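First comes the structure, then the notes that go with it.
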Amino acid sequence: MNIWLSYLIDSVAFGVTFIYGSTGEILTEKAGHLNLGIPGIMCMGGAGGCLVLNTIGKISMAMVEKGMSPLPGFVFVIAGILGAILMSMLMGLIYSFLTVTLRANQNVTGLVLTTFGTGLMKVIMSKLDHTIYLEGPKEFYRWPFHMRNDPLLYLGVLFYLSIFIALAASYVLYKTKVGLHLRAIGESPSTADAVGINVTKYKYLATIIGSAIAGLGGFYYIMDYSGSREAYLSIEAYGWMAIALVIFALWRPHFTIIGSIVFGFLFSFGSQIVNIEGISINLVMTYLLKMLPYICTIIVLIFTSIRNKRENQPPQSLGLPYFREDR
Amino acid sequence: MNKKIALSMRGITKRFGSVLANNNVNLDVYQGEVLAILGENGCGKTTLMNMIAGIYFPDEGKIYKEDKEVVIRSPKDAFDLKIGMIHQHFKLVDLFTAAENIVLGVEEGKKYNLKNVNNRVREIADKYGFHIDPEKKIYDMSVSEKQTVEIIKVLYRGADILILDEPTAVLTPQEIDRLFEVLRRMKEDGKSIIIITHKLHEVLAVSDRVAILRKGEHVATVDTRDATESSLTEMMVGKKVELNIDRSEPVNPAPRIEIQHLSLKNAEGIDVLKDVSFIANSGEILGIAGIAGSGQKELLEAITGLQPTSTGDIIFTNPKKDKPVSFFHKSLARVKFLAKQGAFHDEFGNEVSFNGLGAKAIRRLVNNGKVLFKEDEVMNLRHKTPLQIRQLGIHLSFVPEDRLGMGLVGSMGITDNMMLRSYRKGASGFLNRRKPKQLAESIIHELEVSTPGVNTPVRKLSGGNVQKVLVGREIAFTPKVLMAAYPVRGLDINSSYTIYHLLNKQKEKGVAVIFVGEDLDVLLALCDRILVINSGEITGIVDARRATKEEIGLMMTQTKDASKEGNS
């Protein structure tokens, strides 16, 4: 395979982590909540999925010992995904309870969740057996290309799901009543409230569903793209990238698909470029090159604020708590 | 009246903390009528209506819709009962189109299709005679268009009771006429319309009945055809209010601030002030009349140093003649320099030059008040920041139009807001709250500010009380010039008179008062001279004791070009 093509496919696959994270964050931000807990939620999503896989992996092994056939692959896939979703929803529930019901400061709450989620994930992951949750099941997640040994390998089940979710999220946001209501809440919750939209319900649902989607990003990174036992250590960093991608994608889920490829491409630019003949760079340079996605985000921010088109700005009430009787 | 009752309220009471907003209100609304709710600011009109619209929940009392008791806990409940409210501050999503805003929150059970919505909006608009483009974004709309969207929003939901909270406050006279026409059509359609207002002529023009509220209580409901402006005022105000503003003759007016050929461009490069020249004298009130947005705000802000000017001078005369020199605003070097220029004399009229005196001796002389200014100090304030102006020892007080945006910090208490003016006086790095607190308490006492305490955030106070706090602070600063932009806007009659009285007292103290107003009657009764500004140009300065309303109105509206054309 051409080295550039394989680099491109690798970028696409790497970007899937960001698609999940950003789409989840966009849904939350459209409801007016800046969830800086996304890195922690992605960590916990990964941990949740692995925890379930570890459990059913053990069950499957016990069944084999008893002479039964092992559990089929799709059971692993679905159970893992459900585990990731449930765990991250729980995190989302904590976030929305604190910020929506108790009206705690969103930035502080988010940062706390990230710290908490990253730490708890490390505890959970250290207790799990990677030969059970990872080695066997990852083949199922990498279906249909699990037999290949080039980057196509990574375009597994969760890749297709991410594209579907991003497109579906955009459809819901811009083509349905639910999306209209959600966007109205993010722009002006008092307006939405005055026309009888249940602001609290929407905020909770957007945050929790957004968290569930984001959590899948962490799970994908462990099970598919990385597939190594140390994978969980770098999820937090990619969580922050996902938050930057939200700005890059101008708060539109379908733009995250393109944005994620750009981010994936730029992020691994330093490590991939050495594979190309005739180019040699030192280690410091590779780290510097990893800044590229952030620099791009800043450039996008500058351009959107210069053009100042209202449609490309963050939701107007982003980060502000809403209380009906507040004067 | 044989008409059916659409809605009735019985014994409605609502408290905010210790403040009683509504007390035992009983009110009926009939089908197919326009009911005006009349009352001074802060009398509980909006609060009462908010309880029907589901924004607030009454502490006591019952609401009946067509003889059935209903509980309205949220705006959604109100919509379900076909009650819709058009708020004073529009509740629209700027980023959405008119149609998107209108359909927001409507459960039709049909698939969401914006095209159908657009068509239905056009239908409603045609029926009642609105002009609206359903696909226009709110951020591109004028205030009147936004109001139209709000009304259609309510009609789209099939509301048969519409509440309009001071709908005319933001409209031009032509737009008001059009709105009233629409309201009449809706009334003919059998809808009940409640209009909250404090403008009497509008009540008489559009309503069938008037309900008058005073201090949260329902005073009376009368048929409009039996009512007159004076009978309504009497019920609204309760006690007799002195309608004449006391106006004393200016005492020894002397030029205090002179504006010479001032021009100013806004951020978009448009001329906001064009070659403006005038003099504000001490001991008189100079009124500034003009249509909103003619450059009044920019003029005051240019004087206070908040707006950079392109050309022109602002000459301030500090009445220092025969007043002692102090080191408070002047360094020793500056004092020496001025002495050499021959600016000082002593009590007996002999020039003071400090020849052969050491620094210590000079300080002693000055601190003992033996050195006096020969003449008034004249300074140009052009290109000076508010801080620099203050460091020159010039006390300019400014009561801005946007009280909670520019004047006060809404989330801070009265004491802290007092400190915004005085925090530089402290000698140490720590705050001294004692004096500001005394000032806050004296303002609350003297100006009868109704507040739970000195530390209650000022944004929780009503408009009139906020203004009293702001004006009180500015006056406590012992200004030489007091500028007030629309100081009585949104205030009830009693609070307005308190403000007029305060301005008059400042005038008697020899302060140059500049009063930007909108009500011509008030300008004519309060001011000594009135400056008329029209699209950034001064079209005339008249004697307020002789000028007529028509004269000023003409100067406000007629452009110079048009009058020239008329002459030629």
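By convention in this document, chain letters (A, B, ...) are assigned in the order of the sequence lines, proteins followed by strands, and residues within each chain are numbered from 1. Only a predicted model underlies this, so the values are computations on that prediction, with no experimental measurement involved.
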I'd like to know which of A:L180, A:I197, A:D193, A:T176 tops the heavy-atom pair count under 4.5 Å against chain B.
A:L180

If you count heavy-atom pairs within less than 4.5 Å of chain B, which of A:H181, A:Q313, A:E187 leads?
A:H181

Does a side chain donor of either A:Y204 or A:T101 reach within less than 3.5 Å of an acceptor in the other side chain?
yes

Within a strict 4.5 Å, meaning less than it, do heavy atoms of the B:I52 and B:I163 side chains meet?
yes

Check whether A:Y322 forms a cation-pi arrangement with A:R103 (NZ or CZ under 6.0 Å from the six-membered ring centre, at most 45° off the ring normal).
no

So, the part of B:L104 with a heavy atom under 4.5 Å from chain A: the answer is both

Segment of B:V154 engaging chain A (4.5 angstrom heavy-atom cut-off)
neither

Do the side chains of A:E25 and A:K30 get close enough for a salt bridge, i.e. N-O under 4.0 angstrom?
no

